[in-house]
Colleague: 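Got a structure for you, written out below as structure tokens; questions coming shortly.
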2 protein chains.
Amino acid sequence: MARIQLKPVHFKAQAQVFKALGHPGRLLIVDELSRGERCVCDLAALVGSEMPTVSRHLSILKNAGIVDDDKRGTQVFYRLMTPCVMNFFKCVSAVRNREGA
Amino acid sequence: MARIQLKPVHFKAQAQVFKALGHPGRLLIVDELSRGERCVCDLAALVGSEMPTVSRHLSILKNAGIVDDDKRGTQVFYRLMTPCVMNFFKCVSAVRNREGA
DNA sequence: TTGACATTTCGCGAAATAGCTAATAAGCGT
DNA sequence: ACGCTTATTAGCTATTTCGCGAAATGTCAA
């Protein structure tokens, strides 16, 4: 059983990934992107915020390495980079269910 | 292949778990707790912050359902509730490595 | 080039977060 | 009860994050 040993130096970078996921709207975006690439306008409609706000969320996700973008014409399509992120949700659900909340 | 379908209602609760992990010091704490229970004073020494600060971090982790505490005498021992949280780190490392950062 | 559209960047005020010190609570030994 | 130790809570300030509207950027089509 391989021991997972974290190097302290990397905690800050790792925290950035978790921080990027620590927002309901961004979680909604990641969930949506797990079903395929979407343009910013689609995602803005999905989360119900203004486009500048969603664009900022996407830049945070991209900066964390969770998504990547692909400009095609006037629109920009985002896609999920690391599918394993979706596995988080199963564990997180387990965390939540443990305490009837 | 089971589809992971998230209910929007739960995004806020899920985000709380990620937010709790989105801090270098708390990540360090979780990593340490993966090797066994620790008292607050041990963890304070580990992260190098004042005890009130660490106590607050622990309450955030507890509130998110990630850790639980056990008072024994004058000290309080914390332990990791959901080991699957550690699996996050593998994926997060993959996220980070993808971009030479 | 002008106009329309999609997206990003900027600047702001409001809200949340982080960390400290001081104060409070609670357990243990004497 | 008293003092000592451990931990949490409260109060405060500094920093960060959030979400908006306005402005800037970029692309395509006419």
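Heavy-atom basis, side chains included; hydrogens, waters and symmetry copies ignored. So you know, we letter chains A, B, ... as the sequences are listed, proteins then strands, and number each from 1.
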Colleague: By side-chain contact (heavy atoms from CB on, under 4.5 Å), which residues pair with L80(A), not counting sequence neighbours?
Modeller: V30(A), L33(A), S34(A), I66(A), V67(A), M86(A)

Colleague: Could you tell me the separation between the CD atom of E37(B) and the CG atom of D69(B), rounded to the nearest 0.5 Å?
Modeller: 11.0 Å

Colleague: Atom pairs under 3.5 Å, N or O on each side, protein against nucleotides 3-9 of chain D: can you list them with distances?
Modeller:
{"residue": "dT6(D)", "atom": "O4'", "partner": "T74(B)", "partner atom": "OG1", "Å": "3.4"}
{"residue": "dA7(D)", "atom": "OP1", "partner": "V40(B)", "partner atom": "N", "Å": "3.3"}
{"residue": "dA7(D)", "atom": "OP1", "partner": "V76(B)", "partner atom": "N", "Å": "3.2"}
{"residue": "dA7(D)", "atom": "OP2", "partner": "C41(B)", "partner atom": "N", "Å": "2.9"}
{"residue": "dT8(D)", "atom": "OP1", "partner": "Y78(B)", "partner atom": "OH", "Å": "2.7"}
{"residue": "dT8(D)", "atom": "OP2", "partner": "S55(B)", "partner atom": "OG", "Å": "2.7"}
{"residue": "dT8(D)", "atom": "O5'", "partner": "S55(B)", "partner atom": "OG", "Å": "3.2"}

Colleague: Answer with base, sugar-phosphate or nothing: what part of the nucleic acid does R26(B) contact at a heavy-atom distance below 4.0 Å?
Modeller: sugar-phosphate

Colleague: Is there a path of hydrophobic side-chain contacts, each under 4.5 Å between heavy atoms of I/L/V/M/F/W/Y residues, joining V54(B) to V76(B)?
Modeller: yes

Colleague: Between which nucleotides of DNA chain C, 5' to 3', does chain B make heavy-atom contacts below 4.0 Å?
Modeller: dT17(C) to dC28(C)

Colleague: Test of understanding: with side-chain contact (heavy atoms from CB on, under 4.5 Å), list the residues that count as partners of D70(A), not counting sequence neighbours.
Modeller: R72(A), R79(A)

Colleague: Return a table of donor-acceptor pairs under 3.5 angstrom between the side chains of residues 39-53 of chain A and protein atoms on other chains or two or more places apart.
Modeller:
none

Colleague: What residues form a salt bridge (Lys or Arg N to Asp or Glu O under 4.0 Å) with R38(B), not counting sequence neighbours?
Modeller: E32(B)

Colleague: Just how far, in rounded Å, is C1' of dA10(D) from CD of E50(B)?
Modeller: 16 Å

Colleague: So how far is it from H23(A) NE2 to I29(A) CD1, rounded to the nearest 0.5 Å?
Modeller: 8.5 Å

Colleague: Taking all non-hydrogen atoms of both residues, which atom of F11(B) and which atom of L27(A) are closest, and how far apart?
Modeller: O-CD2, 3.6 Å

